[in-house]
S.K.: 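There's a structure below that I have some questions on.
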Amino acid sequence: MSDFPTANSETATTYHGSCECGSVQFTAQGPLRNVNTCHCTQCRKSSGHFGAFIRIETEKLDVKPSDDLTWFSSTDRAKKAFCKQCGSSLFWVLEGRDNWSVMAGAFDDDIPVTLEAHLFTSEKPTYYTLKDGLPQAEHFDIQTSQQPD
Ligand SMILES: [Zn+2]
Ligand SMILES: [Zn+2]
């Protein structure tokens, strides 16, 4: 323990999140990437409208063990996690990636991020329109500045 601030103390900010009933709790180390939305069929069904998530390296994510955290294989390569008590969508993970996508709405703290892009607009239903001027991708790939690897 030291009273001296470190050079990157700002990046050490921790943000808290949870499901609606509070059974599943997690923290994420900042700085956070911006939010991508996903309009694919799976995200629409699991969220009830469309998905909004932040990609976070697993090493920066701490999910407290909970028997209520349940995984569902959404596709051959994608798994989604939700709370089996309250049904909150929480995470999705693509096989082979060292990061999880965390649902932006699951954060309890006011996270200092913004919407960045819309993904999978090819599967967007017609009942809503995207008029915010943000970049759109018909599928997953989009040229954005927020995905350093
Ligand atoms: Zn819950
Ligand atoms: Zn999706």
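When a ligand or atom number is given, it counts from 1 through the structure's own listing order.
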S.K.: Show every donor-acceptor pair shorter than 3.5 Å between a side-chain atom in residues 80-90 and any protein atom, with sequence neighbours excluded, or say none if there are none.
M.R.:
residue: Lys80; atom: NZ; partner: Gln42; partner atom: O; Å: 3.2
residue: Lys80; atom: NZ; partner: Ser46; partner atom: OG; Å: 3.3
residue: Gln85; atom: NE2; partner: Asp68; partner atom: OD1; Å: 3.2
residue: Ser88; atom: OG; partner: Glu20; partner atom: N; Å: 2.9
residue: Ser89; atom: OG; partner: Ser46; partner atom: O; Å: 2.9

S.K.: Only one of Val102, Asp109, Thr27 forms a side chain to side chain contact (heavy atoms under 4.5 Å, CB included) with Tyr15, so which one is it?
M.R.: Asp109
S.K.: Heavy atoms only: give me the nearest Trp92-Met103 pair and the separation to one decimal.
M.R.: CD1-CE, 3.6 Å
S.K.: What are the protein N, O or S atoms, given as residue plus atom name, that sit under 2.8 Å from the Zn ion (ligand 1)?
M.R.: Cys19 SG, Cys21 SG, Cys83 SG, Cys86 SG
S.K.: Return yes when atom CG of Asp110 has more than 12 non-hydrogen atoms of other residues, nucleotides or ligands closer than 6.0 Å, and no otherwise.
M.R.: no
S.K.: What are the protein N/O/S atoms, named by residue and atom, that sit under 2.8 Å from the Zn ion (ligand 2)?
M.R.: Cys38 SG, Cys40 SG, Cys43 SG
S.K.: Can you confirm whether Asn34 sits close enough to Leu115 that some side-chain heavy atom of one is under 4.5 Å from a side-chain heavy atom of the other?
M.R.: no
S.K.: Can the ring centroids of Phe50 and Tyr128 be said to lie less than 6.0 angstrom from one another?
M.R.: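 So the answer is yes for these two rings.
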S.K.: With sequence neighbours left out, write down each residue that passes side chain to side chain donor-acceptor pair (under 3.5 Å) with Ser101, or none if nothing qualifies.
M.R.: none
S.K.: Before you tell me yes or no, could you show the steps for Lys124 and Glu138 under salt bridge (Lys or Arg N to Asp or Glu O under 4.0 Å), namely the whole-Å CA-CA distance, both residues' side-chain angles and the distance that decides it to 0.1 Å?
M.R.: CA-CA 9 Å; Lys124 184 186 81 58; Glu138 290 199 344; over 6 Å; no
S.K.: For His16 and Phe26, run ring pair (Phe, Tyr, Trp, His ring centres under 6.0 Å): C-alpha distance rounded to whole Å, both residues' side-chain angles, the deciding distance at 0.1 Å, then the answer.
M.R.: CA-CA 6 Å; His16 298 261; Phe26 66 89; 9.0 Å; no
